[in-house]
Amino acid sequence: MPINLYIFVALALFCIGVIGVLTRRNAIIIFMCIELMLNAVNLLLVAFSKMHLAEMGSAAPALANNGTDAQLFVFFIMVVAAAEVTVGLAIIVMMYRNTHSVDVNFLNRLKN
Amino acid sequence: MNAIILSAILGVILMFSGIFVTSKTAIRNIATAGMALLLLVNIAEQGGFHLFNVNTHNMLVFSKFGLLFNSIAFSATLLFFLVSAKDITNVGINAAEYFALIFFISCGIAIVSSFNSLLLLFLGIEIISIPLYILTGSDKRNLKSNEASLKYFLMGSFSTGIMLLGIALVYGAKASFSMEQMHSSINAGRNAWFYAGLLLVLISMLFKVSAAPFHFWTPDVYDGAPTVFTSFMATIVKAGVFIALVRLFDMSFVGSGYDWQLIIAIVTAATLFIGNITAIFQQSVKRMLAYSSIAQAGFMLFGVFSQNDFSREGIILYTLGYSLATIGIFAVLIKMKDYTFEGFNGLARTEPVLAATTTIFLLSLAGIPLTIGFFAKYFMLASAVKSGSHLWLVIFAILCAAISVYYYFRVIQSMYFKTGLAETEPVTPVFRWLLAGMAAAVIILGIFPNLVLQYLYF
C-alpha cells in the first residue's frame, strides 16, 4: 500500500481533532479530540518509520535500524498521553464538583 | 546529568515525606535543603564533577550555557522557597506534594536546557507542563483556580498535539530526531515537510512562552492560579521554556537558509505591543504583572532573534534579573490584602522596607540604569543591533520599554504619593531581610553584571 494514504489518513484525523477542539463546548469531548490529535501523530510516526525503513534499509544496511526510533517515540507519546489523561480528568472532575457542568462556556469568570 | 537525576529523586523523597512527615515546617525545611543540594550538585557539575555517568547516546548534551542556566534557575527557585515557602504550604493541605511537583518541574527544566534530540525536547516540555496544570488548580475550592487550571490544561495539551505533529513532520523529512541531523542534506526533496514541521514546533513553543498571537491564555491563567504558583510560573518556568526555544533555534533554524528572523521579528513586535498596551489598562496588580510578563517575554525573544554571544549573555542576565525582581514583587503581593492598585496606597508608611524593595524590583523590571534589568535589556538590544537586520525592531522595543515605565511607576506612585492604609498580612523580620538581600543583589548585579557572565567562559 502506498505510504501517501497513511499520511493522508493521519493528517485527516489530526484535522478532525483540531476542528473538534475549536468547535465543541463540552470539556470531555474537547479532551477526546486532543487525544485524537495525539493518536493521529502516532499513526503518522509509524508510517514514516516504515517509509524510512523501506527507503534506507536496502540502500544502506548499516542504517537498517533507522526506522525504529519513531516507533519508540510512539511509546513515549502513549505514556505522556496517559499522564495527561490522569491529570486532565482529575481537573474536569474538580470543575464538575464546583459548577455541576463540564461546559467550557462557563469559563468566563476570569475575563473581568 | 547530576541535576536531572537528583531533582527526580528529590521529588519522590518529598512525595514520601508527605506521608511520613506531619509538620509543615519540617516539609519546608526538607524542600529548601533539597533545592540547595540540587544547586550545589549542579555547580559541582559546572566544575567537572559528575555524580552519575549515564550514556545518553548523544540525546543530551551538557554545555556550559545550559549548566549555567540550570544554576540560575535553581538559585531562583531556592530564593522562591526561602521567601514564599510558607505561602506554598498554606495553599492547601497537600503541602509536600506542591514541593514535589516543583522538583519535577526543575527536572524538566534541566532536561530542556540540555536536549539534543526532539524526543527529549518533547519529554522535557511535558515534564514541565503537566505538574503546572496541577499547581494551577491546587486551590481546589476556588472556582477561579479551577477555571484557570482547566483552561491551561486544554490549551496546553492542544499545543502539545501541534508540537508532536511538527516533530513527526521533521522526522519524516530527516529520518532522525537528533538535532545534529537537522542540517544534513538527506532527503533534500522533502524540505517542505521539514519547514512545515519546524514551524509547527515553533508555534507550540511560542504558545508555551506566551508570545503574542498565542498569549491569550496567559492573563487568565496567571490571574486564576494561586499567587505563589503564578510567581513560579511567570519566572522560572517561562525562562526554562525560553532556553529550550533558544537551543532549538540555534540547532535547527540558524543556517537553514530560511527567513526565520522575519517571523521572530513580527512575533516579538506583536508581543511587546500587546503586552505593554494591555498592561496599562489593568486595575489589579496581579493581572498587570501577568501582562507585564508577556511584555518581558517580548524582550526575551530577542535572545532567539539574534543568536550570538551577546544574546546568550543577555538571556542569562534576563533570566536572573527578571526572576529576582518578579519573585520579589509577587512575594510582597502575596502579603497584600487587596490586589488592586488602590490596595498599595500608602504602603511606604505602613511597611517602608516592603515599599522600598518593591520600588527597586519595579525599577529593574522597567530597565532603569543601576539595576540588573537595565543591563539585561541592554544586552538583548545590543545583540539585535549586532546581528544587523531588522533595526526597526530595536527602536520599537525601546518605545515599548518607555511605555512600560508608566504602569510600573503607577505602583510606586500609589505606594509613596497617595494616602491610604495599605493592609498587609503580618510579615516577619526574616522576610524583610530576604527582600532587602534580593534588592541588594539586583543593584550589585546591575553594577557588575560580569559577576555572573564570567561563568559562561571558564
Side-chain angles (χ1 to χ4, degrees), chain A residues 3 7 10-11 14 17-18 21-22 27 30-31 33-49 51-53 55-56 63 66-67 69-70 72-74 76-77 79-81 83-88 90-92 94-99 102 104 106-111, chain B residues 59 117-120 122-123 125-127 129-134 136-138 140-178 186-187 193 217 219-224 283 287:
Chain A
I3 193 77
I7 296 175
L11 289 182
F14 191 88
V18 171
V21 171
L22 296 180
I30 293 180
F31 192 35
C33 291
I34 290 171
E35 290 299 309
L36 187 64
M37 284 163 63
L38 296 189
N39 284 322
V41 172
N42 283 349
L43 182 60
L44 191 63
L45 278 171
V46 174
F48 278 146
S49 147
M51 183 186 79
H52 289 312
L53 197 63
E55 280 178 0
M56 287 184 185
L63 296 171
N66 235 327
D69 44 357
L72 282 174
F73 201 121
V74 169
F76 279 101
I77 296 179
V79 172
V80 167
E84 269 188 354
V85 168
T86 341
V87 172
I91 290 173
I92 293 175
M94 177 178 77
M95 183 81 194
Y96 184 78
R97 277 195 189 142
N98 285 331
T99 60
V102 288
V104 289
F106 274 92
L107 303 183
N108 49 15
R109 284 176 200 82
L110 287 172
K111 278 274 176 321
Chain B
M59 288 176 118
S117 153
L118 289 173
L119 171 61
L120 266 294
F122 164 66
L123 284 180
I125 293 281
E126 283 306 290
I127 293 173
S129 303
I130 294 179
L132 273 185
Y133 304 146
I134 308 173
T136 312
S138 52
K140 283 191 284 188
R141 305 271 165 226
N142 184 348
L143 215 53
K144 277 179 105 179
S145 173
N146 289 351
E147 264 183 48
S149 147
L150 184 59
K151 205 172 251 184
Y152 193 25
F153 167 71
L154 290 177
M155 305 221 180
S157 34
F158 182 59
S159 86
T160 302
I162 291 176
M163 171 188 263
L164 280 175
L165 183 68
I167 292 177
L169 287 177
V170 169
Y171 176 78
K174 295 291 176 190
S176 166
F177 293 113
S178 163
I186 213 165
N187 290 333
W193 289 1
W217 59 275
D220 291 355
V221 171
Y222 283 12
D223 197 13
Q283 294 309 312
R287 226 174 150 78

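Order of the sequence lines fixes the chain letters, A, B, ..., with proteins taken first and strands second; residue numbering starts at 1 for each chain.
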For this session: Measure L72(A) against the heavy atoms of chain B and call it side chain, backbone, both or neither at under 4.5 Å.
Result: neither
For this session: Please look at V79(A) and chain B and tell me whether the side chain, the backbone, both or neither of the residue comes under 4.5 angstrom of a heavy atom of that chain.
Result: neither
Problem set entry | Contact winner vs chain A - I130(B), I167(B), L165(B), I162(B), heavy-atom pairs under 4.5 Å | L165(B)
Exercise. Is there side-chain contact between D69(A) and F177(B), with at least one heavy-atom pair below 4.5 Å?
Worked result: yes
Problem set entry | Part of M94(A) lying under 4.5 Å from any heavy atom of chain B | both
Exercise. With a 4.5 Å heavy-atom cut-off, do L164(B) and F73(A) have their side chains touching?
Worked result: yes
Exercise. Taking 4.0 angstrom as the limit, do D220(B) and K144(B) come out as a salt bridge?
Worked result: no
Exercise. Would a 4.5 Å heavy-atom cut-off, applied to side chains only, mark E126(B) and E84(A) as touching?
Worked result: yes
For this session: Output the option from I34(A), I7(A), T86(A), L38(A) having the highest count of non-hydrogen pairs under 4.5 Å with chain B.
Result: I34(A)
Seminar exercise, completed: Okay, F153(B) and chain A: the region with an atom under 4.5 Å from a heavy atom over there is side chain
Exercise. Who among I92(A), I91(A), N42(A) has the most heavy-atom pairs with chain B under 4.5 Å?
Worked result: I91(A)
Exercise. At a heavy-atom separation under 4.5 Å, does V21(A) approach chain B through its side chain, its backbone, both, or neither?
Worked result: side chain
Exercise. Are the ring centres of F76(A) and F122(B) closer than 6.0 Å?
Worked result: no
Exercise. Can the ring centroids of F48(A) and W193(B) be said to lie less than 6.0 angstrom from one another?
Worked result: yes
Exercise. Would you call V46(A) and L43(A) a side-chain contact if the rule is heavy atoms closer than 4.5 Å?
Worked result: no
Problem set entry | Contact leader toward chain A among S149(B), S129(B), G137(B), P131(B), where contacts are heavy-atom pairs under 4.5 Å | S149(B)
Exercise. If you count heavy-atom pairs under 4.5 Å with chain B, which of I30(A), L44(A), V41(A) comes out on top?
Worked result: V41(A)
